[in-house]
Asker: 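Would you mind keeping the following structure in view while I ask a few things?
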Amino acid sequence: MLPGGKWGPILKGLDSDKDFFGFSSSSLFLQHTTDSHKHKDKHKDREHRHKEHKKDKEKDREKSKHSNSEHKDSSEKKHKEKEKTKHKDGSSEKHKDKHKDKDKEKRKEEKSKSSGDVKIKKEKENGFSSPPRIKEEQDDDGFYASPKEDFKPLKRPREDDDVEYKPKKIKTEDIKKSKKRKQEEEEDIKVKKAKSKDKKAPDGDNKRKKQKKEEEQKWKWWEEERYPEGIKWKFLEHKGPVFAPPYEPLPENVKFYYDGKVMKLSPKAEEVATFFAKMLDHEYTTKEIFRKNFFKDWRKEMTAEEKSTISNLSKCDFTHMSQYFKAQGEARKQMSKEEKQKIKEENERLLKEYGYCVMDNHKERIANFKIEPPGLFRGRGNHPKMGMLKRRIMPEDIVINCSKDSKVPPPPPGHKWKEVRHDNKVTWLVSWTENIQGSIKYIMLNPSSRIKGEKDWQKYETARRLKKCVDKIRNQYREDWKSKEMKVRQRAVALYFIDKLALRAGNEKEEGETADTVGCCSLRVEHIKLHPELDGQEYVVEFDFLGKDSIRYYNKVPVEKRVFKNLQLFMENKQPEDDLFDRLNTSILNKHLQDLMEGLTAKVFRTYNASITLQQQLKELTTPEDNIPAKILSYNRANRAVAILCNHQRAPPKTFEKSMMNLQTKIDAKKEQLTDARRELKSAKADAKVRRDEKSKKTVESKKKAVQRIEEQLMKLEVQATDREENKQIALGTSKLNYLDPRISVAWCKKWGIPIEKIYNKTQREKFAWAIDMAEEDYEF
DNA sequence: GGTTGAACTTAGTAGGACCCGG
DNA sequence: CCGGGTCCTACTAAGTTCAACC
């Protein structure tokens, strides 16, 4: 039991009288998010009122930027002004310089690294041996994905080699497979067979390859010893990234008009123009910031003449271009099966060639082997940089990471990599610096890979360790509410929110660089309202802010009196745009958490509370007598409780209303059918009573069965309707993928005889293979 | 303690793949 | 077999964390 016993549905069932969010449990699934979405737009208007606000220290540092402190109505203007000043003072140059510096640093760092620690040995280490020799394969240049390119078969299929790499250890483990394991394999084979059916029938050679591949996929890395801290791999070889296809100029007959007159654009300017044209009917292109950013970046790509002519975006007419792209899209849809098949095959070829790497004797799937193509940046929410040109990434921007004794992927002909490094302290294969935020982007492995899976597993283990000491921590922070030190009090209240409401940590963000969103530590006074009494409840805090991805968090939460009083204290003498926790940031908070438990950080609470809620809810909601669909509904509801807790939202599907109506029609029809069937049963019964012969008895039986069948069908439909309605704007996927210990779900499936496929699709099963393999029905989070 | 950058996880969405009833 | 709808995947933005440096 928990101290205070006021932990809401995180720890209570749905039937508890007073739930977490302050409304009756029956409405738990709907209300929270429905409300949020309703107000989303309104909120967006408000969102930037305090955009320009910064902490005092920051103000001092950047006074020039903050000469204005007006709110709402002038925020647009402010943006413009800021952009102007930025450009005047040559911010783009600064930007470049910044990058240069970064590059230098990187190189420096790399030097020190490579001189010191990274020694890749060929001898056996940790049960692995590096491949003695790298196989020779013909490379096509791979600079871009061209469908025209000839298909060059690999000299030797990779699978063959991979099997050779396989350490003996694994083979022996394969022999002592459990029954369950075998079942799973059969599953896998089934799936594969089904798949290969729609494609070409595999020839004998292919089949053999497939089998070997399967063996490879069965690799149970979770039964092997882990690497020592910090070392991520011993051997890494890959083929480098796939670049975006080069720009293909528009046909002559597709015109661009400026000020009513046809104008032929230079290829560079034209390319950027097409990015805009493709988005023409998106509302983005009507937004002032978007247009301004776009136009500024577009002009940079123009020739001198173009620049002098094109001075006003409003005089640009992209409609012809836009029509052309729409027509092309149509044409693509109308393509024949053969053509579509061809494209599909080409994609598969690309995947086969570039989509995998070899890491420590195993072939592993890469998550994103394609370089992000150029385009216009689309930030989420009210992003100050929306519309900026995301430039094309060239080989010269690319850093390759692989082992020293691997075959380094060759750059496209006529090009060079920016750098090749051999850093086995990191997991990425390829990286480049993106030009919008100046941040680094990476190519990394798929979630099904050892390196990701291990980390994922570890994450849940940390959360389980938190379970053991969470009571202690909760007691601790309740004590801290009374502390004499302001900092400690703020820390304790913030932690309470993070724990109770599963808020994110909330790092500070550089203002003007991103949308104005907050998390716990960055909450501002304006984001909460205190109600000493609301709707019959005492000490209610009303939260209203935009979180990650500009998703609105709206919630009214009754809190303990001490918390309430503390909040009042924190808000004293502050402006709405001041930080609520002015003595706190994520680094202070996490340092404290680290002292409470090794490896504890703010986000562990989210994982912990999500997983424990799922487990709890599954226990509460699963009815043993229920059939499978009903049990799955229960699962979804448990999942939904977590999604609500974590505020995982989605836009209601565009077709929602319609499909809901369709479903209702079906239900109504089914109901009628049921009435009819019942009537028929009744008359059959009456008939049987009179006649008392075999035939009429049989009729009764069959009618009974019919009624039963229809009842079941109706049930199913109704379950479906409920499920869908409750799910309207809640996204289950995020929590399922990132917060819920998969072993809880696996155990639940085993306990109730639910096929795992009903809960996890193929990709998810691959990601959670470790959990599916190891969790038994008695698993406790 | 603050700042910054690198690395890695978490997030929603667009659009194509797929599926199912008529 | 077709059209409407759902599901899934790819994509990439937006967070968190940690370590280095000051």
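Quick note on labels: first sequence line is chain A, next is B, and so on, each numbered from 1.
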Asker: Need one value for Lys736(A): base, sugar-phosphate or nothing, where a base atom within 4.0 Å counts as base even if backbone is also close, heavy atoms only.
Answerer: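 No contact.
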
Asker: Would you mind classifying the nucleic acid contact of Lys591(A) as base, sugar-phosphate or nothing, using non-hydrogen atoms under 4.0 angstrom?
Answerer: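 Nothing, no heavy atom under 4.0 Å.
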
Asker: Between Glu766(A) and Lys762(A) (salt bridge meaning N to carboxylate O under 4.0 Å), is one present in this structure?
Answerer: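 Salt bridge present between Glu766(A) and Lys762(A).
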
Asker: On the nucleotide dT9(B), are OP1 or OP2 found under 4.0 Å from the side-chain N or O atoms that Tyr739(A) carries?
Answerer: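 The answer is no; no side-chain N or O of Tyr739(A) sits under 4.0 Å from OP1 or OP2.
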
Asker: Taking Glu353(A) first and then Lys239(A), would you say they form a salt bridge - that is, a charged N and a carboxylate O separated by under 4.0 Å?
Answerer: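 Salt bridge flag = yes for Lys239(A) with Glu353(A).
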
Asker: Just how far is it from atom CD of Glu511(A) to atom CG of Asp516(A), taken to the nearest 0.5 Å?
Answerer: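 Between atom CD of Glu511(A) and atom CG of Asp516(A) there are 7.5 Å.
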
Asker: Select one nucleotide: of dA7(B), dA11(B), dT10(B), the one nearest the side-chain heavy atoms of Lys459(A).
Answerer: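 Nearest to the side chain of Lys459(A) among the choices is dT10(B).
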
Asker: Under 4.0 Å between a side-chain N/O of Arg504(A) and OP1 or OP2 of dA11(B), yes or no?
Answerer: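 Answer is yes, contact under 4.0 Å.
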
Asker: Write down the distance between CD (Gln437(A)) and P (dG5(B)), rounded to a whole number of angstrom.
Answerer: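 Gln437(A) atom CD is separated from dG5(B) atom P by 13 Å.
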
Asker: Would you kindly give the CD-to-P distance between Gln673(A) and dG21(B), to the nearest whole Å?
Answerer: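 Atom CD in Gln673(A) sits about 14 Å away from atom P in dG21(B).
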
Asker: At under 4.0 Å between heavy atoms, what does Gly733(A) touch on the DNA or RNA strands: base, sugar-phosphate, or nothing?
Answerer: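 The answer is nothing, as Gly733(A) stays clear of every strand by at least 4.0 Å.
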
Asker: Contact class for Lys548(A) (heavy atom, under 4.0 Å): base, sugar-phosphate, or nothing?
Answerer: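 Base contact.
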
Asker: Does Asn590(A) reach a base, just sugar-phosphate, or nothing at all? Heavy atoms under 4.0 Å.
Answerer: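 The residue Asn590(A) makes sugar-phosphate contact but no base contact.
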
Asker: Could you tell me whether Arg606(A) contacts a base, only the sugar-phosphate backbone, or nothing, with contacts defined as non-hydrogen atoms closer than 4.0 Å?
Answerer: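 Counting heavy atoms under 4.0 Å across all strands, the contact made by Arg606(A) is with sugar-phosphate only.
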
Asker: Select base, sugar-phosphate, or nothing to describe what Thr763(A) touches, counting heavy atoms under 4.0 Å on all strands.
Answerer: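 The answer is sugar-phosphate, as Thr763(A) gets under 4.0 Å only of primed atoms, P, OP1 or OP2.
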
Asker: Tell me which of Gly506(A) and Asn761(A) sits closer to the 5' end of DNA chain C, going by the nucleotide each one is nearest to.
Answerer: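 This one resolves to Asn761(A).
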
Asker: Given atom CG of Asp549(A) and atom C1' of dT9(B), what is their separation to the nearest angstrom?
Answerer: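 Roughly 13 Å, once rounded to whole Å.
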
Asker: Hey, does the side chain of Lys232(A) come within less than 4.0 Å of dC8(B)'s phosphate (OP1/OP2), counting only N and O?
Answerer: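 Yes.
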
Asker: Taking Val518(A)'s backbone N and O only, do any of them form a donor-acceptor pair with Arg524(A)'s side chain (distance below 3.5 Å, no angle check)?
Answerer: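 Side chain of Arg524(A) to backbone of Val518(A): no pair is present.
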
Asker: Rounded to the Å, how far apart are Leu737(A) CG and dA11(B) P?
Answerer: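 Taking atom P of dA11(B) as the reference, CG of Leu737(A) is at 10 Å.
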
Asker: Nearest of dT13(B), dG2(B), dA11(B) to any side-chain atom of Thr734(A)?
Answerer: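 The answer is dA11(B).
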
Asker: Working to the nearest 0.5 Å, report the span between CG of Asn738(A) and NZ of Lys767(A).
Answerer: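 Here the interatomic distance stands at 5.0 Å.
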
Asker: Please tell me if Lys452(A) has a side-chain N or O lying less than 4.0 Å from either OP1 or OP2 of dT9(B).
Answerer: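 The answer is yes; a side-chain N or O of Lys452(A) sits under 4.0 Å from OP1 or OP2.
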
Asker: Between His383(A) (side chain) and Glu513(A) (backbone), is there a donor-acceptor pair under 3.5 Å?
Answerer: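 Looks like yes, one N/O pair under 3.5 Å.
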
Asker: Please name all residues satisfying ring pair (Phe, Tyr, Trp, His ring centres under 6.0 Å) with Phe275(A), sequence neighbours left out, ordered by chain then number.
Answerer: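 Partners of Phe275(A) by the ring pair (Phe, Tyr, Trp, His ring centres under 6.0 Å) criterion come out as none, since no residue qualifies.
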
Asker: Using a cut-off of 4.0 Å on non-hydrogen atoms, how would the nucleic acid contact of Ala367(A) be classed: base, sugar-phosphate, or nothing?
Answerer: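 Touches nothing.
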
Asker: If you look at every strand shown and take non-hydrogen atoms under 4.0 Å, does Tyr442(A) touch a base, only sugar-phosphate, or nothing?
Answerer: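 Base: the residue Tyr442(A), judged by heavy atoms under 4.0 Å, touches a nucleobase.
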
Asker: Going by an N to O cut-off under 4.0 Å, is there a salt bridge joining Lys342(A) and Glu345(A)?
Answerer: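 Looking at Lys342(A) and Glu345(A), the cut-off is not met.
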
Asker: Categorize Thr586(A) for me: base, sugar-phosphate, or nothing, with a 4.0 angstrom heavy-atom threshold over every strand shown.
Answerer: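 Touches nothing.
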
Asker: Does anyone know the first and last nucleotide of DNA chain C in reach of chain A, 5' to 3', at under 4.0 angstrom to a heavy atom?
Answerer: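 Reading along DNA chain C, I get dG5(C) to dC18(C).
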
Asker: Is it true that a side-chain atom of Glu364(A) and a backbone atom of Arg450(A) form a donor plus acceptor pair closer than 3.5 Å?
Answerer: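 Here the side-chain-to-backbone pair exists.
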
Asker: Check the distance between dG5(B)'s C1' and Glu508(A)'s CD and give it to me in whole angstrom.
Answerer: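 Spelled out: CD on Glu508(A) to C1' on dG5(B) is 15 Å.
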
Asker: Atom CD1 of Ile551(A) and atom P of dT10(B): how far apart are they, to the nearest Å?
Answerer: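 Rounding to the nearest Å, CD1 of Ile551(A) and P of dT10(B) are 17 Å apart.
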
Asker: Taking the nucleotide of DNA chain C with the nearest heavy atom to each, does Gln764(A) or Pro373(A) sit closer to the 5' end?
Answerer: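 Result: Gln764(A).
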
Asker: Using atom NE2 of His383(A) as one end and atom P of dG12(B) as the other, report the distance to the nearest whole Å.
Answerer: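 These atoms are roughly 18 Å apart.
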
Asker: To the nearest Å, give me how far apart CG (Asn727(A)) and P (dG12(B)) are.
Answerer: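 My rounded result for the distance is 13 Å.
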
Asker: Assuming nearest nucleotide by heavy-atom distance, tell me which of Met444(A) and Ala731(A) is located more 5' along DNA chain B.
Answerer: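 Taking each residue's closest nucleotide, the earlier one in sequence belongs to Met444(A).
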
